[in-house]
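Following: one structure in structure tokens, then a few remarks.
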There are 2 protein chains.
Amino acid sequence: MEKPPEKARRSIGAKRNPDSADAIRDAAEAVLLEAGYAGFSIEAVARRARAGKPTIYRWWPSKAALLLDVYQRQKRDIDYADTGSLEEDMFRFLKSLLRQWRDTPAGSIFRSFVAEAQSDATASAALADYARERRAHTGQMVERAKARGEVAAGVDPTLVADMLSGYAWIHLLTNRLDEDDETIRKAVRIIAKGLLAGA
Amino acid sequence: MEKPPEKARRSIGAKRNPDSADAIRDAAEAVLLEAGYAGFSIEAVARRARAGKPTIYRWWPSKAALLLDVYQRQKRDIDYADTGSLEEDMFRFLKSLLRQWRDTPAGSIFRSFVAEAQSDATASAALADYARERRAHTGQMVERAKARGEVAAGVDPTLVADMLSGYAWIHLLTNRLDEDDETIRKAVRIIAKGLLAGA
DNA sequence: TATCTAACGGAACGTACCGTTTCGATGGAG
DNA sequence: CTCCATCGAAACGGTACGTTCCGTTAGATA
């Protein structure tokens, strides 16, 4: 990731030093990646960033807030392409999501975030908000298919999003991100057929 | 749950005092239920149980081990009835699972356990084992339906178990255990129709 | 130019918890 | 009657949290 800065930063006057904020975010991500959630402490981040703890707490009110920031910085490169086939859309979505979680820091960070949300109220609310937003977004995939007649009328798109996300989450949280394409294909095929038949 | 014992227990000689073990397990469950995962510390459990920390560490090697023990003590009262209809079986399974997680300590405990598994290797392995066992068990529901011709030949029963569990997990971990029956019904109906159509 | 102000890194603090060690008392086993 | 593993309690060193001071820095203000 990033090398720890050689020299300590100093104040740049009566205003925030963006270098410090960047260094803290970089350090937080690096610590999370190298030591995992267990090693993710404010002290470790401060050491790594050559920053003072007060500097961190000046800008992030809690450990959960910093974790949330790092998590949101993860750019999502998920495949939301509209292939014209719901099954194919869902397959690409799930495959790319599991792949990204497996091959980039995103998976480790998201795992940490879900874990933190089980003990910290701020993180819990943030996770709920995020999940709601994802549900709506993924649901659009189903909306499109509905317009094409691939999905029966009574189906709630966010319900399908829950199924897909749930399938992904349980794989992430139990270290099973290496599911092969054929299995993913079978899973989405079942859902696609079920959606066609209607609810 | 349990009242803290009025008097401290003493040694009953050169053998383990089962009252202590019981009191510790009870206290651990009570702390987890009342203060959640955030408040679940060995110190808090020891205080609550009027036990010494060494007594806890003599019998449970780590915090994760105690958490695992408490978790496994949770009796599963999940509806695995064979109704003759896969859709109905799955509906009852999901409904009873979400209800139990919502209305008993089991949900809080399992949330904590999933969270712990994201930072503790022992808990992680235990969770993976448990998930595997559950997958096989829930898969039997699908096996039965397969024998009845409700499920196409190529379907992997454990894949269906992943779908159901994933759907339940994401609701547990994002505080959405209050999903109504109609929504659950729609979800399992989609899966049931998809399984009938085949993979 | 002189002063004000807010940011900086660093050090230290008090609290909490971890996992371990030590202690005296207990009471069953040999 | 002696041994000995157990008990609760207390204290240990270590780590991390979140906070408070400190002296330093340099832009903003007058």
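No hydrogens, no waters, no symmetry mates; every other heavy atom, side chains included, goes into these values. In the text below, chain A, chain B and the rest are named by the order of the sequence lines, each starting its count at 1.
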Looking at [X] and [Y], does any basic side-chain N land under 4.0 Å from a carboxylate oxygen?
{"X": "B:Asp103", "Y": "B:Arg99", "answer": "yes"}
{"X": "B:Glu88", "Y": "B:Arg92", "answer": "yes"}
{"X": "A:Asp82", "Y": "A:Arg144", "answer": "yes"}

Within the pair [X] and [N], is there a side-chain N or O less than 4.0 Å away from OP1 or OP2?
{"X": "B:Thr55", "N": "D:dT6", "result": "no"}
{"X": "A:Trp59", "N": "C:dA6", "result": "no"}
{"X": "B:Arg58", "N": "D:dT6", "result": "no"}
{"X": "B:Arg16", "N": "D:dA5", "result": "no"}

Cation-pi check, A:Arg16 onto A:Trp60 ring (under 6.0 Å, within 45° of axis):
yes
Just by modelled atom types, is the A:Asp120 backbone N or O under 3.5 Å from a matching donor or acceptor in the A:Ser124 side chain?
no
Sequence-aligned protein contact record of nucleotides 22-30 of chain D, with B where the base is within under 4.0 Å of a protein heavy atom and S where only the sugar-phosphate is
--SBBS---
Under 6.0 Å between ring centres, would you say that holds for B:Tyr130 and B:Phe110?
yes
For [X] and [N], what is the distance between atoms [atom1] and [atom2] respectively, to the nearest whole Å?
{"X": "B:Arg50", "N": "D:dT6", "atom1": "CZ", "atom2": "P", "answer": "23 Å"}
{"X": "A:Glu116", "N": "D:dC17", "atom1": "CD", "atom2": "C1'", "answer": "12 Å"}
{"X": "A:Trp60", "N": "D:dC17", "atom1": "CH2", "atom2": "C1'", "answer": "17 Å"}

Sub-3.5 Å pairs of nitrogen or oxygen atoms, protein against nucleotides 17-23 of chain C:
| unit_1 | atom_1 | unit_2 | atom_2 | d |
| --- | --- | --- | --- | --- |
| C:dC18 | OP1 | B:Ile42 | N | 2.8 |
| C:dC18 | OP2 | B:Ile42 | N | 2.9 |
| C:dC18 | OP2 | B:Glu43 | N | 3.0 |
| C:dG19 | OP2 | B:Tyr57 | OH | 2.3 |
| C:dG19 | O5' | B:Tyr57 | OH | 3.4 |
| C:dG19 | N7 | B:Lys53 | NZ | 3.0 |
| C:dG19 | O6 | B:Lys53 | NZ | 2.7 |

Go through the steps to decide whether A:Asn17 and A:Ser11 satisfy the test side chain to side chain donor-acceptor pair (under 3.5 Å), and finish with yes or no.
CA-CA 7 Å; A:Asn17 187 344; A:Ser11 168; over 6 Å; no
Going by the angle between their ring planes, with limits at 30° and 60°, are B:Tyr71 and B:Phe113 parallel, tilted or perpendicular?
parallel
